[in-house]
Amino acid sequence: MGKRKSEIEGNTPKKIKPHWAMGLMDAMKDPKNIVKSDDLVTVIKDAYPKAEFHYLVIPKEDISNLKALNKDHVELLKHIENIAQEVASLEEHKNKIFKFGYHAEPSMAHLHLHVISDDMNSSCVKTKKHWNSFNTPFFLNPQDVRESLETDGKVSLPTPQQCKDYINTPLHCHKCKYEPKHMPDLKKHILTHL
DNA sequence: GTTCTAGAAC
DNA sequence: GTTCTAGAAC
């Protein structure tokens with residue numbers, strides 16, 4: 001293995017978050033985004049929903065991402081999952097199916113659990129990455145995340161290469177065997193499952 | 001994360 | 001010629 005570019009150039013390998021990655025902080029503070037909150041978490045609507053309903057459950061404790069978790073956070077994760085289930089069960093979501101997951105490599109700082117209806121029917125879904133981040137193993141099951149934390153004291157994550165492969169997986173419908181030619185094709189196709 | 005757009009794909 | 005996607009953004 002060759003040296004990484006950052007090492008060759010003598011840069012610090014530690015990544016610095018760009019300003020846009022801090023967006024959840026501000027979104028969390030703005031009352032108009034807040035769906036519900038308690039001592040431990042805030043639930044907001046995703047600013048660019050990737051389905052008809054799309055929420056984020058965010059702990060108030062400053063946790064950057066899954067890598068920052070330890071066994072002391074297991075109860076918090078259980079709480080996050082419970083709140084996610086509560087939000088999904090709201091009356092306005094009657095007859096909707098929801099799924100829950102953490103992105104393996106989130107773009108935004110601050111731990112957040114996605115609570116998203118399974119229709120994927122949204123004008124904000126535009127790219128293969130959008131699609132695959134919710135419809136491949138890039139979308140991590142919350143129980144699996146919590147159980148690996150309980151067992152190992154840290155969250156078991158796919159490697160960066162596995163993440164790339166998940167995101168670059170050829171497009172496929174999440175409800176049937178259909179393999180679309182491209183995103184506009186897929187976006188038309190999913191309307192048949194509504 | 002989004003926006004924009006060059007050039008690939010058709 | 002138009003549609004679509006992938007990569008830069010100071």
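In this text, all values refer to a predicted model and were calculated from it rather than measured experimentally. Letters go in sequence order (proteins before strands), and every chain restarts at 1. These values consider heavy atoms only, across backbone and side chains, with no hydrogens, waters or symmetry-generated copies.
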Identify each donor-acceptor pair in which a side-chain atom of residues 166-173 of chain A lies under 3.5 Å from a protein atom, sequence neighbours left out, and give them as a table.
{"residue": "Asn168(A)", "atom": "ND2", "partner": "Lys164(A)", "partner atom": "O", "Å": "3.2"}
{"residue": "Thr169(A)", "atom": "OG1", "partner": "Asp165(A)", "partner atom": "O", "Å": "3.0"}
{"residue": "Thr169(A)", "atom": "OG1", "partner": "Tyr166(A)", "partner atom": "O", "Å": "2.8"}

Practice task
Mind checking salt bridge (Lys or Arg N to Asp or Glu O under 4.0 Å) for Lys175(A) and listing every partner two or more places apart, or none if nothing turns up?
Solution key: Asp118(A)
Handout entry: Neighbours of DNA chain C within residues 181-194 of chain A, by heavy-atom distance under 4.0 Å
Key = His182(A), Met183(A), Pro184(A)
Exercise for the section: Report yes if the side chains of Leu40(A) and Lys60(A) come closer than 4.5 Å at any heavy-atom pair, otherwise no. Expected result: no
Handout entry: OP1 or OP2 of dT2(B) under 4.0 Å from side-chain N/O of Lys50(A)
Key = yes
Handout entry: Nucleotide-level pairing of DNA chain C, given in dot-bracket where Watson-Crick and G-U pairs need both distances under 3.5 Å and | marks other strands
Key = |||||||||.
Completion exercise
In numerical order, the residues of residues 28-37 of chain A whose heavy atoms come under 4.0 Å of DNA chain B are none
Fill in the blank from the handout: Between CD1 of Ile58(A) and P of dG1(B) the distance, given in whole Å, is 14 Å
Problem - Interatomic distance where NZ belongs to Lys45(A) and P belongs to dG1(B) [whole Å] - result: 20 Å
Handout entry: Between Asn141(A) and Tyr102(A), a side-chain donor and acceptor under 3.5 Å
Key = no
Handout entry: With Pro59(A), the side chain to side chain contact (heavy atoms under 4.5 Å, CB included) member among Leu111(A), Ile83(A), Thr42(A)
Key = Leu111(A)
Exercise for the section: Say whether Gln85(A) and Ser89(A), considering side chains only, have a donor N or O and an acceptor N or O under 3.5 Å apart. Expected result: yes
Practice task
May I have all residue pairs that pass ring pair (Phe, Tyr, Trp, His ring centres under 6.0 Å) and include part of residues 33-62 of chain A, sequence neighbours excluded?
Solution key: Phe53(A)-His93(A), His54(A)-His114(A), His54(A)-Phe134(A), Tyr55(A)-His93(A)
Problem - Check: His182(A) and Pro184(A) side chains under 4.5 Å, non-hydrogen atoms - result: yes
Handout entry: Atom pair distance, as rounded to whole Å: NZ in Lys164(A) and P in dA6(C)
Key = 14 Å
Exercise for the section: Decide, yes or no, whether a salt bridge links Glu150(A) with Lys71(A) under the criterion of side-chain N to carboxylate O below 4.0 Å. Expected result: no
Quick one: side chains of residues 74-82 of chain A, donor-acceptor pairs under 3.5 Å with protein atoms, not counting sequence neighbours, listed by atom name and distance.
{"residue": "Glu75(A)", "atom": "OE2", "partner": "Lys78(A)", "partner atom": "NZ", "Å": "3.2"}
{"residue": "His79(A)", "atom": "NE2", "partner": "Asp38(A)", "partner atom": "OD2", "Å": "2.6"}
{"residue": "Glu81(A)", "atom": "OE1", "partner": "Arg146(A)", "partner atom": "NE", "Å": "3.4"}
{"residue": "Glu81(A)", "atom": "OE1", "partner": "Arg146(A)", "partner atom": "NH2", "Å": "2.9"}
{"residue": "Glu81(A)", "atom": "OE2", "partner": "Arg146(A)", "partner atom": "NE", "Å": "2.7"}
{"residue": "Asn82(A)", "atom": "ND2", "partner": "Lys78(A)", "partner atom": "O", "Å": "3.4"}

Handout entry: ILVMFWY clustering at 4.5 Å (side-chain atoms), partners of Leu191(A)
Key = Leu194(A)
Handout entry: Residues touching DNA chain B, which here means a heavy atom under 4.0 Å, drawn from residues 104-113 of chain A
Key = Ser107(A), Met108(A)
Problem - DNA chain B contacts among residues 125-137 of chain A, heavy-atom distance under 4.0 Å - result: Lys126(A), Lys129(A), His130(A)
Exercise for the section: Just jot down the ring-ring contact (aromatic ring centres under 6.0 Å, His included) partners of His193(A), sequence neighbours excluded, or say none. Expected result: His189(A)
Practice task
May I ask you to say whether Asp152(A) pairs ionically with Lys154(A), meaning some side-chain N is under 4.0 Å from a carboxylate O?
Solution key: no
Handout entry: Contacts of Ser148(A) that satisfy side chain to side chain contact (heavy atoms under 4.5 Å, CB included) - sequence neighbours left out
Key = Val155(A), Ser156(A)
Practice task
Evaluate side chain to side chain contact (heavy atoms under 4.5 Å, CB included) for Val145(A) paired with Leu66(A), printing each intermediate quantity in order.
Solution key: CA-CA 9 Å; Val145(A) 165; Leu66(A) 294 170; 3.9 Å; yes
Handout entry: Whole angstrom value for the distance that separates P of dA6(C) from CG of Leu171(A)
Key = 9 Å
